[in-house]
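Computed over heavy atoms, backbone and side chain alike; hydrogens, waters and symmetry mates excluded.
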Number of protein chains: 2
Amino acid sequence: MTIGKLSKKTGLSAYTIRYYEKKGLIKVARDAAGRRVFDEADVEWIRFIQRLKDTGMLLRDINRYSKLRYQGDSTVEERMKILEEHRKYVLAEQEKWANNMKHLNEKIQIYREMFMS
Amino acid sequence: MTIGKLSKKTGLSAYTIRYYEKKGLIKVARDAAGRRVFDEADVEWIRFIQRLKDTGMLLRDINRYSKLRYQGDSTVEERMKILEEHRKYVLAEQEKWANNMKHLNEKIQIYREMFMS
DNA sequence: GCTTGACTTAGACTATAGTCTAAGCAGTAT
DNA sequence: ATACTGCTTAGACTATAGTCTAAGTCAAGC
């Protein structure tokens, strides 16, 4: 699969995919002509990167995880620890969002009363 | 209250508070010597800005809201609409976070099984 | 055999949101 | 009076994450 196909599959722009490769987040195979070649495993890995990004992990930290992943199964424990640490962060964020949502609802309610009366 | 006190109260740096003023998010009174003077109403407003920011609203959009707010009660309806729109966004984000959390837990579980066995 | 379209590179540019510096002024403490 | 602290300004600088351009290569269809 070419970078264009992968871009369509993942929703990342080709620019961004190249940028992720340059940063070290993904390692990419090449064909005889020097063009990037991707497979389904790359798609899965990109999707996981997107999840980490969506939950506020910085590329810097995703990169740390990525380096371990490319080192193979011996790094499973360390990767698990990173994810467990990140899980704590996500839980805290969810709490923050819930709290902010509560206040947002209250504010809207106040406005609604002001506007109705 | 000076900018230093407000900074301590809100957790924003003095730099950031000045930056928010420059951007138009907050309007600030001055004393005879030209120094910024804040009151409790400013603290409340900053705290609300922080909530909007924490829920992913861009300064650009917070600014739009701010301009209406400084125009007085006649803009209540419009502000309410902005908040209701933003509320939808926050709900969608919460769903995304919940979904990502689910996958994160699954991944951790897989690692845990790999590590334990 | 030429055009078209997708690919390649390095490096410049953008957006967002700060963060800091330099030079200077105001008010308080010794 | 002098030193100290906290404030003032404009504008330069930083971090993060892309986004795009220029110049060129390659393979397929006509």
Comparing A:R35 and A:K22 on DNA chain D - which has the more 5′ nearest nucleotide: A:K22
Toward the 5' end of DNA chain D, which comes first, A:L59 or A:A33, by nearest nucleotide? A:L59
If I take atom [atom1] in residue [X] and atom [atom2] in nucleotide [N], what distance separates them, rounded to the nearest angstrom?
X	N	atom1	atom2	value
B:I62	C:dA17	CD1	P	8 Å
A:D54	D:dG18	CG	P	10 Å
A:M1	C:dC7	CE	C1'	16 Å
B:I3	D:dG6	CD1	P	13 Å
A:Y19	C:dT8	OH	P	18 Å
B:K5	D:dG6	NZ	P	10 Å
B:E21	D:dT8	CD	P	8 Å
A:N63	D:dA17	CG	P	11 Å

Which nucleotide in the list [options] gets nearest to the side chain of [X]?
X	options	answer
B:T16	C:dG18, C:dT8, D:dC20	C:dG18
A:R30	C:dT9, D:dT8, C:dA17	C:dT9
A:Y15	D:dC7, D:dT21, C:dA17	D:dT21
A:T2	C:dC7, C:dG18, D:dT19	C:dC7

Is it true that a side-chain atom of A:N105 and a backbone atom of A:K102 form a donor plus acceptor pair closer than 3.5 Å? no
Once you apply a heavy-atom cut-off of 4.0 Å, does A:R18 come out as touching a base, just sugar-phosphate, or nothing? base
For the CD atom on B:E93, are there more than 12 heavy atoms of other groups (residues, nucleotides or ligands in this structure) within a distance under 6.0 Å?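 Atom CD in B:E93 is packed in, count exceeds 12.
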Within this structure, what is the CD-CG distance for the pair A:Q109 and B:L83, rounded to the nearest 0.5 Å?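 Result: 12.0 Å between the selected atoms.
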Any carboxylate oxygen within less than 4.0 angstrom of a Lys/Arg side-chain nitrogen, looking at B:R112 and A:E77? no
Taking the basic N atoms (NZ, or NE/NH1/NH2) and the acidic carboxylate oxygens, is any pair closer than 4.0 Å for A:E95 and A:K88? no
